[in-house]
A.B. asks: 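Structure provided below as structure tokens; questions to follow.
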Amino acid sequence: MSKCAACGKGGDGLKACAACKLVKYCNVTCQKAHRPNHKKECTKRAAEIFDEALYVIARRSAEGICPFCRTPAPTSVEGGVEQIKKRVEAGDANAMHNLGHQYFEGDGVPQDSNKALELWRRAAKLGRAASHNNLATCYAQGEVVEKDENKAKYHWERAAMRGSVTARYNLGVFEAQASNTYRAMKHFMIS
């Protein structure tokens with residue numbers, strides 16, 4: 001049977017310390033009275049509990065459990081693709097971007113540049129900066145799509161506004177090639 005850490009009374013109605021869960025008290029008065037004796041141990045254990053919670057996702061990943069859906073991680077490329085496709089169906093912009101990259105490269109799926117562009121466009125609409133950057137590169141180089149510097153600039157601007165350093169640098173190059181030195185330097189300094 002548990003006993004109150006402060007007064008020593010036993011019983012079923014004891015409440016555990018909210019921070020460390022190591023000791024129990026019969027009421028708030030006992031908890032306050034015992035606090036000076038318990039503070040150091042409580043603080044240490046509370047930090048341990050926090051770290052356990054903080055790193056649980058990393059531990060799950062290391063144990064082969066998907067941190068998002070908590071199902072076993074796939075053991076094959078095909079299984080990984082299926083898992084990403086499920087995330088795409090759920091509207092996950094990161095999954096759309098990653099699957100688009102796989103289609104673009106033919107990594108685990110048949111190479112399909114049009115499917116890659118479609119996925120990157122969907123992810124870009126959801127705010128994925130890297131998808132904007134990929135679309136901009138395609139438009140700038142005339143890869144898969146007709147070369148269009150205005151669309152390239154549009155997507156680089158959107159990606160830069162979302163924090164993409166690569167897009168910001170590419171905007172600097174774009175502006176420098178257009179002889180807009182002041183704007184180019186601003187982009188280079190930010191990147």
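Positions are given from 1 along the sequence. For the numbers below, each heavy atom of this structure counts, side chains included, while hydrogens, waters and symmetry mates do not.
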A.B. asks: Could you check whether any side-chain heavy atom of Asn133 comes within less than 4.5 Å of a side-chain heavy atom of Asn170, counting everything from C-beta outward?
C.D. replies: yes
A.B. asks: Would you give the length of the straight line joining atom NZ of Lys125 to atom NE2 of His132, rounded to the nearest 0.5 angstrom?
C.D. replies: 10.5 Å
A.B. asks: Just how far is it from atom CG of Asp107 to atom CG of Leu99, taken to the nearest 0.5 Å?
C.D. replies: 10.0 Å
A.B. asks: Testing Lys32, His38, Lys15 for side chain to side chain contact (heavy atoms under 4.5 Å, CB included) with Tyr25, which one passes?
C.D. replies: His38
A.B. asks: Pair Ile84, Gln102 - check side-chain contact (heavy atoms from CB on, under 4.5 Å), show working.
C.D. replies: CA-CA 10 Å; Ile84 290 174; Gln102 286 183 271; 3.2 Å; yes
A.B. asks: Applying the side-chain hydrogen bond (donor to acceptor under 3.5 Å, both in side chains) test to Ser131, which of His97, His101, Arg158 qualifies?
C.D. replies: His97
A.B. asks: Would you check if the side chain of Lys21 reaches a backbone N or O of Ala18 as a donor-acceptor pair within less than 3.5 Å?
C.D. replies: yes
A.B. asks: When rounded to the nearest 0.5 angstrom, what distance separates SG in Cys20 from NZ in Lys39?
C.D. replies: 13.5 Å
A.B. asks: Give the cluster check for Leu171 versus Phe188: same hydrophobic cluster or not, with ILVMFWY residues linked at side-chain heavy-atom distances below 4.5 Å.
C.D. replies: no
A.B. asks: Side-chain contact, heavy-atom cut-off 4.5 Å: Leu22 with Cys17?
C.D. replies: no
A.B. asks: Going hydrophobic residue to hydrophobic residue with side-chain gaps under 4.5 angstrom, can you get from Tyr154 over to Leu117?
C.D. replies: no
A.B. asks: Please state whether the rings of Phe104 and Trp120 are parallel, tilted or perpendicular, taking 30° and 60° as the class boundaries.
C.D. replies: tilted
A.B. asks: I want to check something: taking the side chain as every heavy atom from C-beta on, are Glu82 and Glu78 in contact at a cut-off of under 4.5 Å?
C.D. replies: no
A.B. asks: Under 4.5 Å between side-chain heavy atoms, hopping through other hydrophobics if needed: is there a path connecting Leu119 to Leu126?
C.D. replies: yes
A.B. asks: So which heavy atom on Ala160 is nearest to which on Ala167, and how close?
C.D. replies: N-CB, 3.8 Å
A.B. asks: Search all heavy atoms of His34 against all heavy atoms of Ala5 and return the closest pair with its distance.
C.D. replies: CD2-O, 3.5 Å
A.B. asks: Rounded at 0.5 Å granularity, tell me how far CE in Met161 sits from CD in Glu157.
C.D. replies: 6.5 Å
A.B. asks: Nearest 0.5 Å please: distance from the CG atom of Asp92 over to the NZ atom of Lys86.
C.D. replies: 14.0 Å
A.B. asks: Okay, side chain of Asn180, backbone of Arg183: is any donor-acceptor separation there less than 3.5 Å?
C.D. replies: no
A.B. asks: What's the shortest heavy-atom distance between Cys30 and Ala6, and which atoms?
C.D. replies: O-CB, 3.3 Å
A.B. asks: Where do Lys147 and Ala140 come nearest, in terms of heavy atoms and distance?
C.D. replies: CE-O, 3.1 Å
A.B. asks: Could you grab the distance from atom CZ of Arg87 to atom CD of Glu89, nearest 0.5 Å is fine?
C.D. replies: 10.5 Å
A.B. asks: Would you say Glu143 and Ser113 make side-chain contact, with heavy atoms under 4.5 Å?
C.D. replies: no
A.B. asks: Where do Arg168 and Ile190 come nearest, in terms of heavy atoms and distance?
C.D. replies: NE-CG2, 3.6 Å
A.B. asks: More than 12 heavy atoms of other residues, nucleotides or ligands under 6.0 Å from CD of Gln141: yes or no?
C.D. replies: yes
A.B. asks: Heavy-atom count around Tyr169 OH within 6.0 Å, excluding the residue itself: above 12?
C.D. replies: no
A.B. asks: Kindly give the heavy-atom pair with the smallest separation between Arg162 and Ala129, and that separation in Å.
C.D. replies: CB-CB, 3.7 Å
A.B. asks: For side-chain contact (heavy atoms from CB on, under 4.5 Å), just list the numbers for Thr166 and Trp156, CA-CA rounded to whole Å, side-chain angles, deciding distance to a tenth of an Å, and then say yes or no.
C.D. replies: CA-CA 9 Å; Thr166 304; Trp156 276 326; over 6 Å; no
A.B. asks: Counting only N and O atoms by type, is there a donor-acceptor contact under 3.5 Å from the side chain of Arg122 to the main-chain atoms of Glu118?
C.D. replies: no
A.B. asks: Could you verify whether a donor N or O on one side chain and an acceptor N or O on the other, from Tyr139 and His155, lie under 3.5 Å apart?
C.D. replies: no
A.B. asks: Heavy atoms, side chains only, cut-off 4.5 Å: are Lys153 and Glu175 in contact?
C.D. replies: yes
